Structures are given as C-alpha cells and as structure tokens.
Protein chains: 2
Amino acid sequence: MNDRHELDKRKAFILATVVYEYIATAEPVGSNTLTQKYNLGVSSATIRNEMAELETLGYLVQPHTSAGRVPSDAGYRTYVDRLMPAESLPSDDARRIRDQFRAASRELSDVIEQTTRMLSSLSKNLVFAVAPSRDTHAFKNIQLIWLSPRTALAIVVTSMGVASQTAVEWHADVPADDLTRLSNALNARLSGRIMEDIVNADLSAVAAELQISDELRAAVTSAFQNARQNEEPQLAASGTQNLLDQPEFHDLRKLRSILSIVEEQKTLYDLVAESIKPDADVTTPMVKIGRELREDAMAECSLVTVPYRFGDRGVGMIAILGPRRMPYARLMALASGTADSLGAYLDDVELR
Amino acid sequence: MNDRHELDKRKAFILATVVYEYIATAEPVGSNTLTQKYNLGVSSATIRNEMAELETLGYLVQPHTSAGRVPSDAGYRTYVDRLMPAESLPSDDARRIRDQFRAASRELSDVIEQTTRMLSSLSKNLVFAVAPSRDTHAFKNIQLIWLSPRTALAIVVTSMGVASQTAVEWHADVPADDLTRLSNALNARLSGRIMEDIVNADLSAVAAELQISDELRAAVTSAFQNARQNEEPQLAASGTQNLLDQPEFHDLRKLRSILSIVEEQKTLYDLVAESIKPDADVTTPMVKIGRELREDAMAECSLVTVPYRFGDRGVGMIAILGPRRMPYARLMALASGTADSLGAYLDDVELR
DNA sequence: GCTGGCAGTCGTAGCACCAGAGTGCCAAGC
DNA sequence: GCTTGGCACTCTGGTGCTACGACTGCCAGC
C-alpha cells in the first residue's frame, strides 16, 4: 500500500475503469461488465484475478460474495490523485457562473448564498460556502462623529458595507475639529488596507503625528477592534434536495444525520476551516474522501473544497459535498471556476 | 357540510377521537380500536355506522376498503376549530424559551435563526420565521457627515443597527453647520419612530423650521428611502431533519419537493406573507391544513403560523410546518409563546 | 336505535422458488 | 508463467402463493 508503484499499468487501468463505471452507474461492477463495455484485450477470468488482487491490496471491496466490486476509500484516493483525467470547465457552465456574478447583489451574505445556489444547481450536489470574516475586508473609511465634548460615535465602513458603530466617551473635552482631522488622516492613510493588517502601531502613528490625546487614540483602537470582532462564521448551504437523488442517501438514518450536520453548521465549518489559510496556494481544489472526513455520518461522502481569494490572500471556502461516488474531475473544475469568479467579484467590489 | 350543527355530540366525539388517535399512532383508526381504547358506551357496530356517516359527510376517508379511517382536511379543520381542547405552554418549554431570549445575540438575523432552531427542537417539526423588514425598525438616529462643501455622507441607524449609508452631493455649497443642526433636529424629533411612519411631511417640516435648502432636504429624503429600501425578505428555517421521523415523508418524492420549497424560500414566504399585517390581532395562531396551503407538494402538510409584534404592530411571522397529523394544540401554544417572547425581546432591544 | 354475527374485501407478512449476476478455482493451452 | 474457458457455488432480488388479520357493510333480532 505504501509503494506508489505497486500498481502495474493494467491494474491501474482496471481500477480506474471500475471507479469510473461505478460513479456512472452506482452498481457494483463485475468482471463481465468490464470486458463487455471496455476494450481490455483480456478475458473476464483475467480481470477476475486482477480484481481479486486489487481487493487484497485494499483498493476494492465486495459488498457481498456474489456481487461486483466497489472502490474503497483508498481506491477513490488513488483514482483522484493519479488516475483520473483532469477536466476543464465546460463553456456553458463558465458562462453561467460569469452571468451569476455579473448580476450579483452587493450584500456580501446574499452573494455567498446565491453562489451556493448556483453551484448546487450546476453540480447537482450539496454546496456550502464560508463567507469572508470581517478581518479580511478592506478598510474603506472611519467617521468619528462629534456628539458632545465628551462623547462621539465611531462608524467603520469596509468594502463590504458598514462593519460597526461604536459609542465612545472620554474624561477630558475633545474638540470637534480633532475628530475631523483624525478621521481624515486615518482615511487617507489606511483606506484600502485589509482590516487584519491594521495594527495598533498604524493607529498610534497617525495619532502621534496629529498630536491627538491618548484617550482619543484608545477610542479609535476600540472602534477598530469592534469592527474586526469576529461574529459567528457565516455559512450558506444549498442543494440538500440533490442528495435525495443519490441511492446512497435513500437510507433515512444516514440522510437524517447528514441533514443534522448541515443544519448545525459547526461540523461543516470545522471540516473546511483548517483550509482557510491566507497564504495557502489558492487555486488547487482539495478532496476528502469517506473516512478521511473523520465523521461517521459522512463515511460514504466526499468533499471537494476550494479556497477563494480576495486580493492576494485566501479568505473563504467553497465546498461541494456529495456521495463518494461523485464526478470528481467535473466538480473540481466547477468549484475552482466558481472560486475564481467569486474572488474576481470581491476584488471588483472593492474597487468601486 | 355548511351547517355547523350537523354533527351531534356523539359524532363530534367520535371524530375528535379518531383525529386524536390518528395523530398519536399514524395508523388508520378502526371501530374496534376506538371501542377498546376509549369508553364510548356503545358497540363497535354503532361506531361503524357513525363512521360511515362521517365519511359521507366528508370528515373521514378510508385509504382502502379494509382499512380504518383517517381524517380529511375538513375533519382536521373541524377538530382544530371546535373539538380540540386548548393547551397551555408547559413550564419547561416556557423556561427554555425565556432562557433562549435572555442569552440571545444582538444581531437581528442571528436572533431569528436561533429562534427557529430552538422552536424546531421543541416542536420536533420544521420551523421557519420571517425577520422584520427594515421598514418596521425603530429609527434611532441619522448622521449627516460633512465631507466637502458639496458632498456628504448620510448614515441612518435603527434599533437593529446601521441600516444604510448614502453618499449625497449638491450643486450649491452647504455649510457644515447646517448638517449638524439638521442631524440634531431630526434625531430629536424622530428618534424612536417606526421607519415606515416617517413620511416626507415629517422631514419637510423639520427642514422648513430650520430654513434648510431644498437640495439638502432632498438628500435627507433619499437617505431615508435608502434605509427603508426593502432587501430580500429575510427568512430562516430549521429542523428539516425532523420531517424524516414522520412516516408521511418517507416517500422520497414528497420529501424532495418539500425540501426544494424550503430551500427556495419564496413559496414559504408567500405562504405566510399575507398574514403579516401591522394591524392584525397578533396573539392568535392560525392553522392551514393540507390543500388549504394551495401547494400540491404540501397536500399532506399543515402549517401553524403566528405573527410576532414589535411595539404595537405585527412585523414578522413564526411558522411550524409538519404533517397534517401534528399535535395542533401543543404547537399553537409553543408558537404563540415563542412569538410573545420574541416580541418582548424586540421591544427590550429597542429600549437599550 | 343498538347490537352481535357474518360474509366479504383488502393489504401484508411469510415462504419457497427461480433467475441472474458474479465469484473463485482449476486444468489445459499458448 | 500468464491467460483462458469451464464449472460449481453463493448470494440477492423478484415473483407467486398462501394464510392471516384487520376492517367494513349489512342484516336480522332485541
């Protein structure tokens, strides 16, 4: 199992064909089906011997004695990593994705939700997406609004809309003019920066330059902290009804546990959260298969995830959840196409 | 069918018992079951005759010749309207609802979502809720921020947070002082008012009083319009997995169409939208049964809806969707208890 | 008007049975 | 030494049959 060359060409081809056929038909594949449908050049008896070996190697399993073979997690894994031909995004799908983002709302959570809807309809699977946290928005401007000599309202606006309003107060009088000067200086200096990159040093530098009081500086700091404060991770899901079309979910107990997980959101989030890394290579989709998901309820599921970027960093994830028997190459192409478009959309919105 | 007195006492009791028993067991009810389980004082043959009459009257139906009886839409309707004993909210449930709102988030959409989660777990059915539209929030304050002599930013804040920011510009110079005076006057005059009650006349009155230019007045009007602009109706749903426990949803085709409707949201919204009336009597739950829902996919469902209020008007809906065979009295008590608490919560947040 | 009895209907659970698909193994052949 | 046809064996799923049980509707008698 450890030697990646243990599979000779014929075994690899047979494994690939079994996976391909099983994905297409959802029926265990037998040696006869294989020889009849595919041009293998050898008889079914030979295939039988090879398949028996593939089974002892752990790539195939038999649901019961007199049935054909079905891929194991390891079988799918090898297929995805080494055997499967890559697919590119069909132009129809590409167009639909483009159109979706052209008509997209400006409300971030709506965009994320519409994206999952579109992708679940294209992929015929369950799709979910994690929205960028406020940390990753671009700072647009801050307004310090003088209410009285000792109170003010601080409103922070990011590329995705208003992030927070904070009421601030202090012990010494602050002239209204100071607030205006500070607002303007902060906006001139920091506009366009990513929220999480704006550290206290930046704020202090501006405050020092303008000779602003410590109390006022502290107020600004807390306004920024407030704006960055991480709300619940926003997660949208769509396409649960697609699962019902798959025979593996006709078992109501399995279906129920999957639905619970989807509604609960936390488990879904944990599944993809580890992959949201700012510096990650953001173009490659990742695949987790069956038990790799570490969830009993999902032992028969696979997950395709792909991060999307804003600017030059990964800020969120798009994920397609379906049966292990899913068209991996197609879904990977769909997911990364969508992620690219979503990233481009986010960049575009920021520029407006 | 039109004469509400067509049912004598005994028929009414039999109908009520059949509905009650069927709700409990999900099995068609026969005359023997009835005489054995309930003390009717007559023999099963008499019950048979009565049931046959109830069937010709349209209250009961027989799934097939040799089965017991099952209530029809009309049967459930009569049960709900006239036969069913009212239930009050068990103190356990009341406590759980109270605790939920005590710990509730301040973000409106989170509160609505958490409410549906709690109620779906209490009711063991599918729950959805429509969030109040911005129109029904209470106005808190407006800030007109002077950016340059001819441009400004208008930020409208309601009881539920920031509603909108609008960039405004004009052709004649506007002194910064005018903006401050206007902001303060508007806040003093309008704070606490419901957004949809704030009409142009209110704004004009203030502007006239302060001798403010027409252009500036127009800018304020557009800021308010922007803040009231109706986004997509916000709808949260929870508890789809509960449906799987009901035998009527074991049919995958039915289940699929219900799931589609729930995800699509629009149909759900239409089902309850008509009942969101500001001036409606906001304490009584309403019930729609089977075909009354006017959706083929929901012919075997019932819906309990109850509006919740903010201040003295209905602003949103809570709805419980389940099989027609649902414990109506219990769910009605649960729904209105939750609606009351949600209303109280909204009032409370507004005061803070 | 109520009741017990009875014939009749219908769905379902259980059972046996068979066909079909697929395997593993073996002995012969290239 | 790999490949192959043949063959016995296994297991599932569908079909047809029967028996049973749960009802009903109707009727004659109280």
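Values in this document were obtained by computation on a predicted structure and should not be read as measured data. Chain letters run A, B, ... following the sequence lines, proteins first and then strands; every chain starts at 1. Atoms considered below: every heavy atom in the structure, side chains included; atoms not considered: hydrogens, waters and symmetry mates.
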Rounded to whole angstroms, how far apart are [atom1] on [X] and [atom2] on [N]?
X       : N      : atom1 : atom2 : value
A/Gln62 : D/dC9  : CD    : P     : 18 Å
A/Ile14 : C/dT23 : CD1   : P     : 12 Å
A/Asn49 : D/dT3  : CG    : C1'   : 9 Å
A/Leu60 : C/dT23 : CG    : P     : 10 Å
A/His64 : D/dT12 : NE2   : C1'   : 6 Å
A/Glu53 : C/dC25 : CD    : C1'   : 15 Å
B/Leu34 : D/dA22 : CG    : P     : 16 Å
A/Gln36 : C/dG22 : CD    : C1'   : 12 Å

Please determine if [X] and [Y] form a salt bridge, counting it only when a charged side-chain N lies under 4.0 Å from a carboxylate O.
X        : Y        : value
B/Arg69  : B/Glu53  : no
B/Asp270 : B/Lys266 : yes
B/Asp81  : B/Arg77  : yes
A/Lys11  : A/Glu55  : no

Considering only heavy side-chain atoms of A/Met51, the closest of C/dT23, D/dT24, C/dG4 is C/dT23
Note to self: Side chain of A/Val42 only, heavy atoms from C-beta on: which candidate in D/dT4, D/dG25, C/dT23 is closest?
What the structure shows: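 Per side-chain heavy atoms of A/Val42, the pick is D/dT4.
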Heavy atoms only, 4.0 Å cut-off, all strands: where does [X] land among base, sugar-phosphate and nothing?
X       : value
B/Thr46 : base
A/Ala45 : base
B/Thr33 : sugar-phosphate
A/Ser31 : sugar-phosphate

- Message: Quick check: any donor-acceptor pair below 3.5 Å linking the side-chain of A/Arg48 to the base of D/dG6?
- Response: yes
**Side-chain donor/acceptor of A/Ser66 to base of D/dC11, under 3.5 Å** =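 Yes.
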Is the phosphate of C/dC10, meaning OP1 or OP2, less than 4.0 Å from a side-chain N or O of B/Thr65?
->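 Checking B/Thr65 against C/dC10: at least one side-chain N or O falls below 4.0 Å of OP1 or OP2.
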*Side-chain N or O of B/Arg10 closer than 4.0 Å to phosphate OP1/OP2 of C/dG1*: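 False: B/Arg10 side-chain N/O out of range (4.0 Å or more) of C/dG1 OP1/OP2.
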Worksheet entry | Step-by-step side chain to side chain contact (heavy atoms under 4.5 Å, CB included) determination, A/Phe128 to A/Val272 | CA-CA 10 Å; A/Phe128 62 93; A/Val272 300; 3.8 Å; yes
Considering heavy-atom distances to DNA chain C, does A/Asn32 or B/Gly41 have its closest nucleotide positioned more toward the 5' end?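 On the 5' side of the pair lies B/Gly41.
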